[in-house]
2 protein chains.
Amino acid sequence: MTTVETLTIREMCDTYQVTARTLRFYETKELLSPIRAGSRRLYTKQDRARLQLILRGKRFGFSLEDIRQLLDMYNRNGSNQAQLARTFDLGQNRLEQMKAQRDELSVAIAELETELQGAAAALSAFRDAAE
Amino acid sequence: MTTVETLTIREMCDTYQVTARTLRFYETKELLSPIRAGSRRLYTKQDRARLQLILRGKRFGFSLEDIRQLLDMYNRNGSNQAQLARTFDLGQNRLEQMKAQRDELSVAIAELETELQGAAAALSAFRDAAE
DNA sequence: ACGTTACATGACGTTAACGTCAACTTCACT
DNA sequence: AGTGAAGTTGACGTTAACGTCATGTAACGT
């Protein structure tokens with residue numbers, strides 16, 4: 001019989017490349033809420049999904065507080081209309097920001113590429129002169 | 001006769017929505033190096049260009065130290081070959097990172113859009129039921 | 001000459017996101 | 001029963017990126 005797959009804190013660390021301190025810290029910030037076996041934490045599949053979202057959010061430069069709100073939006077779907085409308089707005093704004101960021105990033109990438117082509121040319125010139 | 005356009009620290013603040021403290025702080029971090037009129041700072045066109053790059057870098061989530069290196073790459077083109085090659089590599093890496101970030105961002109945007117469509121549908125349902 | 005701005009420097013405070021250390025429990029074995 | 005590994009809860013330390021005084025000076029209008 002396959003037990004419900006839960007991971008210890010150490011296994012979580014190894015799997016997601018985070019420290020135990022980080023996981024406990026996220027818990028105090030109410031980003032995670034693993035179940036307990038006595039005093040020990042056990043992370044369910046749900047916890048792991050949340051952690052992945054957290055880590056991705058971080059790569060986008062979102063603050064943990066931002067991420068907490070986003071997670072709430074993803075998870076809390078049995079809410080009332082006002083609640084839903086509010087989280088919907090929050091999501092819309094976030095979406096706008098992300099799109100703007102992506103566009104700006106595209107421009108910056110293009111610029112950097114041009115710049116690097118110039119550098120590459122300079123390097124070639126150096127090498128040619130050294131022959 | 002048009003004097004060489006330089007801005008005072010206050011004018012810089014108003015123009016770019018940063019505090020004087022921030023500008024002085026950037027100076028201690030060698031991100032900016034305005035000229036002096038006595039003890040007072042005067043920001044040239046070059047300084048303004050650098051500040052814009054700094055602010056854009058920040059919007060992408062780069063650290064000030066990252067930005068400093070990027071700025072060096074943009075500006076120092078009279079360097080030796082080793083120097084140039086090194087900064088070139090640095091730029092390449094950064095470019096990879098930025099592209100990866102952009103791609104990840106695109107995925108997240110798509111997901112969020114789907115999610116929000118669901119929320120929008122739920123809202124409509126609510127409204128329909130309320131008629 | 002004098003008061004009011006504008007600016008300067010220096011020192012200390014602040015927040016986010018953990019790191020680090022100490023001092024227990026608690027299993028899992030031997 | 002003893003020991004070692006893994007886990008727990010505090011408590012304090014750390015870094016980045018500024019904010020917030022306190023204090024001092026310099027130019028400008030009256």
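In what follows, chains carry the letters A, B, and so on, assigned in the order in which the sequence lines appear, proteins first and then strands, with residues in each chain numbered from 1.
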message = Salt bridge or not between E113(B) and K99(A)? Use side-chain N to carboxylate O under 4.0 Å.
response = yes
message = Between K58(A) and E65(A), does any NZ, NE, NH1 or NH2 come within less than 4.0 Å of an OD or OE carboxylate oxygen?
response = no
Under-4.0 Å side-chain N/O to phosphate OP1/OP2 contact, [X] with [N]:
X: T22(A); N: dG19(C); value: yes
X: T8(A); N: dG7(D); value: yes
X: S39(A); N: dT9(D); value: no
X: R41(B); N: dA8(C); value: yes
X: Y26(B); N: dC18(D); value: yes

ask   = Could a donor-acceptor pair under 3.5 angstrom be found where the side chain of R40(A) meets the base of dT8(D)?
value = no
ask   = Is the base of dT20(D) touched by the side chain of R21(B) through a donor-acceptor pair closer than 3.5 angstrom?
value = yes
Could you tell me the separation between the [atom1] atom of [X] and the [atom2] atom of [N], rounded to a whole number of Å?
X: R36(A); N: dT26(C); atom1: CZ; atom2: P; answer: 13 Å
X: R24(A); N: dA22(C); atom1: CZ; atom2: C1'; answer: 13 Å
X: Y43(A); N: dA6(D); atom1: OH; atom2: C1'; answer: 13 Å
X: M12(B); N: dA8(C); atom1: CE; atom2: P; answer: 12 Å
X: L64(A); N: dA16(D); atom1: CG; atom2: C1'; answer: 15 Å
X: F62(B); N: dA17(D); atom1: CZ; atom2: P; answer: 13 Å
X: L32(B); N: dA17(D); atom1: CG; atom2: P; answer: 14 Å
X: E27(A); N: dA17(C); atom1: CD; atom2: P; answer: 17 Å

key: Residue met sooner reading DNA chain D from 5', once G38(B) and E65(B) are mapped to nucleotides   = E65(B)
note = The nucleotide from dC7(C), dC18(D), dA17(C) with an atom nearest the side chain of K58(A) is dA17(C)
query = Of the candidate nucleotides dC18(D), dT8(D), dC7(C), which contains the atom at the shortest distance from the side chain of I9(A)?
reply = dT8(D)
L64(B) with M12(B), same ILVMFWY side-chain cluster at under 4.5 Å = yes
message = Can you work out whether L42(B) or A20(A) has the more 5'-proximal nearest nucleotide on DNA chain C?
response = L42(B)
query = Taking atom types as modelled and ignoring hydrogens, do the side chains of D103(A) and S106(A) form a donor-acceptor contact shorter than 3.5 angstrom?
reply = no
Rounded distance (nearest 0.5 Å) linking atom CZ of R50(B) with atom OG1 of T44(B) = 10.0 Å
